[in-house]
Amino acid sequence: MQTMGKKRLVSLMLAAVMLLMAACSVNMGEEEPKAADPGTKGAETKSGAQKVVFWHAMGGATTKVVDQLVDNFNKSQDKIQVEAVYQGTYDDLLSKLKASMGTSEGPTVVQMYEIGSRFMVDSKLITPMQNFIDQDGWDVGQLEPNISGYYTFDDKLYSMPFNTSNPILYYNKDLFKEAGLDPENPPKTFEELKAAADKISKTGKAVGANFAIYGWFMEQFFANQGAEYVNNGNGRDDLATESLVNSDAGVKVMTWWKDLIDTKAANNLGRKTDDSKKAFSAGQVAMILDSTAALKGLVDGTTGKFEVGTGFLPKPADAKEGGVIVGGASLWMMNNRPDEEQKAAWEFIKFLTSPEQQAFWHINTGYFPITTKAYEQDSVKENLKKFPQFQTAIDQLHNTKLNRATQGAVMGVFPEARQIVEGAIEEVLNNKKTPKAALDDAAKEITAKIQEYNRTVK
């Protein structure tokens with residue numbers, strides 16, 4: 001491809017994605033980071049060291065954890081100096097990445113949320129992580145397969161998983177006891193959850209359940225039924241050309257969800273997962289869905305009030321074999337940086353994957369370790385004793401059979417697709433459309449956006 005043609009393609013793709021994101025506030029497969037000081041890690045570059053710039057979107061307290069990981073690496077050797085730069089939310093980060101194109105001001109390594117993966121691959125702006133893995137003979141088998149699977153395309157690992165989570169069921173064990181339910185046996189199916197929520201709501205002490213109107217949950221409910229979200233093998237055998245959100249799997253989810261609301265077994269608090277968590281922590285709701293990364297905060301926030309239980313994401317009793325998809329983000333190597341700089345960045349990335357650093361990351365953030373050996377660290381074992389509820393998340397991840405459904409859908413317009421699905425859920429719960437009609441309309445709109453995007457990359 002000629003240089004001007006390539007630049008025009010990248011420009012069109014970035015413009016398209018930014019227009020989509022400017023139109024809506026995007027959920028990310030987990031709680032969006034809070035704003036933090038946008039400054040950089042201020043250490044001076046070591047004399048003669050190769051500088052590596054790392055852009056990330058880990059705000060709030062997590063910024064300090066990222067900075068500590070970077071500091072650990074910088075102190076471990078004297079040839080490379082990594083500078084971590086917090087860029088705001090994932091949306092802010094992508095906007096700044098666009099603005100840096102064609103300049104020398106961009107990053108060496110950038111963190112990108114999982115639903116931006118198709119765009120990053122299509123952009124031609126990155127060097128696949130597999131290139132460094134092959135050159136170094138690095139053992140990719142040390143990674144959790146159900147985590148690395150999301151970021152693998154055509155048998156190549158394109159980016160290195162970084163912050164990883166999946167959704168689990170959180171429940172109030174005390175409210176379960178008061179309703180005559182077994183507090184050690186959380187509901188596993190849609191049907192069981194409905195029955196439990198009914199019993200709890202009828203006690204008058206709390207509402208049985210609440211699920212934030214979050215597109216990520218719909219994607220997870222599809223995977224848990226072994227159903228694909230877009231065609232062409234979830235967009236992995238070839239570019240997706242059609243949304244499948246209006247398939248039987250989607251209609252089944254929305255019919256069940258609406259029934260929970262209509263029978264007052266559940267309530268509707270809107271799109272914000274924070275509102276759902278606040279209601280749960282206050283004892284107003286007995287069951288919610290949320291990211292595994294929320295576990296420490298929920299347990300700490302309810303200490304002395306009630307005991308938090310955790311369970312697998314529920315699914316229909318007659319569902320096909322499935323599981324959960326990872327959420328979060330991964331690290332991408334930008335290909336406009338000199339080879340030596342990219343090689344230095346690879347050394348940093350390898351350091352982050354070590355069991356010791358993964359243990360530190362997991363304990364201090366609640367995200368999954370991406371390497372299996374991290375669970376052998378004494379610190380992780382001690383943390384599991386303190387937060388035994390996290391074993392549910394580990395078991396759910398390991399029990400997930402990796403296939404096209406659980407590997408996760410990829411499409412270039414995923415941020416907007418999530419918003420469209422959330423709008424459809426609202427229409428159903430607010431009695432404006434039937435589940436089938438709302439999802440038919442959503443699928444049509446998403447399909448049009450997918451096809452429009454595909455024309456810019458072919």
Side-chain angles (χ1 to χ4, degrees), residues 1-24 26-29 90-91 94-95 97-98 101 110 112-128 149-159 215-216 218-219 222-223 227-247 249-250 325 329-330 332 334-335 403-405 407-424 439-458:
M1 182 183 293
Q2 293 182 348
T3 302
M4 288 301 293
K6 181 177 179 180
K7 286 183 177 179
R8 181 174 182 275
L9 169 62
V10 172
S11 179
L12 281 171
M13 290 167 60
L14 280 167
V17 171
M18 291 311 301
L19 282 171
L20 294 179
M21 292 183 170
C24 54
V26 185
N27 279 319
M28 255 55 85
Y90 290 119
D91 291 357
L94 185 56
S95 179
L97 184 65
K98 176 198 174 187
M101 288 179 59
V110 63
M112 186 59 61
Y113 53 180
E114 90 280 21
I115 58 174
S117 297
R118 180 75 265 170
F119 163 73
M120 291 298 285
V121 171
D122 293 337
S123 73
K124 312 299 183 188
L125 296 173
I126 58 96
T127 302
Y150 188 97
Y151 303 104
T152 300
F153 304 90
D154 300 322
D155 297 322
K156 293 181 180 179
L157 187 67
Y158 269 73
S159 60
W216 189 48
M218 179 65 87
E219 296 151 30
F222 264 69
E228 295 175 5
Y229 206 59
V230 293
N231 68 346
N232 293 334
N234 247 351
R236 293 178 177 276
D237 296 333
D238 199 356
L239 283 176
T241 60
E242 181 183 2
S243 168
L244 304 178
V245 73
N246 61 333
S247 66
I325 315 166
S330 63
W332 297 78
M334 306 307 293
N335 65 10
N403 53 38
R404 284 295 188 245
Q407 194 174 7
V410 284
M411 52 179 148
V413 296
F414 219 143
E416 190 176 17
R418 274 194 180 164
Q419 293 295 311
I420 293 169
V421 169
E422 287 169 10
L439 294 178
D440 279 346
D441 290 346
K444 183 178 180 181
E445 188 176 357
I446 295 168
T447 295
K449 297 296 183 184
I450 290 173
Q451 293 176 357
E452 180 182 356
Y453 169 87
N454 288 350
R455 286 192 288 272
T456 71
V457 298
K458 286 186 177 179

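All figures in this text were calculated on a predicted structure; none of them were measured in a lab.
Taking all atoms of both residues into account, the shortest heavy-atom contact from E219 to I325 is O-CD1, 3.7 Å. Of all heavy-atom pairs between I450 and T241, the closest is CG2-CA, 3.9 Å. Here the closest heavy-atom approach between residue M112 and residue L94 is recorded as CE-CD1, 3.7 Å. Here the closest non-hydrogen pair linking F222 and L244 is CE2-O, 3.5 Å. Annotation for Y90 and A329: closest pair OH-CB, 3.7 Å, computed over non-hydrogen atoms. Closest non-hydrogen pair, R236 versus D154, comes out as O-OD1, 4.4 Å.
For N403, the side chain to side chain contact (heavy atoms under 4.5 Å, CB included) test picks out A405, T406, with sequence neighbours left out. With sequence neighbours excluded, no residue satisfies salt bridge (Lys or Arg N to Asp or Glu O under 4.0 Å) with E228. For K156, the side chain to side chain contact (heavy atoms under 4.5 Å, CB included) partners are Q130, Y158, not counting sequence neighbours. Listed by chain and number, the residues in a side chain to side chain contact (heavy atoms under 4.5 Å, CB included) with T127 are N131, F132, M333, N335, Q342 (sequence neighbours excluded). Taking the side chain to side chain contact (heavy atoms under 4.5 Å, CB included) definition, one finds that N246 meets it with K436, L439, D440, A443, sequence neighbours left out. Not counting sequence neighbours, the partners of R404 by the salt bridge (Lys or Arg N to Asp or Glu O under 4.0 Å) test are D237.
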Exercise. Any chance you could lay out the side-chain contact (heavy atoms from CB on, under 4.5 Å) test for W332 and V121, step after step, and finish with the verdict?
Key: CA-CA 10 Å; W332 297 78; V121 171; 3.9 Å; yes

Quiz item: Does the side-chain contact (heavy atoms from CB on, under 4.5 Å) test come out yes or no for I446 and V421, once each step is laid out?
Solution: CA-CA 9 Å; I446 295 168; V421 169; 3.8 Å; yes

Quiz item: Does the pair L239 and D122 meet the rule for a side-chain contact (heavy atoms from CB on, under 4.5 Å), with working shown?
Solution: CA-CA 10 Å; L239 283 176; D122 293 337; 4.2 Å; yes

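For the atom pair CG of L125 and CE of M334, the computed distance is 5.0 Å after rounding to the nearest 0.5 Å. For the atom pair I420 CD1 and R418 CZ, the distance stands at 13.0 Å (nearest 0.5 Å). To the nearest 0.5 Å, atom OG of residue S243 and atom CE of residue M411 are 6.0 Å apart. Interatomic distance, S247 OG to N231 CG, rounded to the nearest 0.5 Å: 11.5 Å. Interatomic distance, CG of N234 versus CD of Q407, reported as 8.0 Å (0.5 Å rounding). Between F414 atom CZ and Y453 atom OH the span is 13.0 Å, to the nearest 0.5 Å.
Judged by distance alone, the side chain of D238 and the main-chain N or O of N232 form no donor-acceptor pair under 3.5 Å. For S117 (side chain) and E114 (main-chain N/O), a donor-acceptor pair under 3.5 Å exists by modelled atom type.
Note that R118 lies outside the cation-pi zone of Y150, set by a 6.0 Å cut-off to the ring centre and a 45° limit from the axis.
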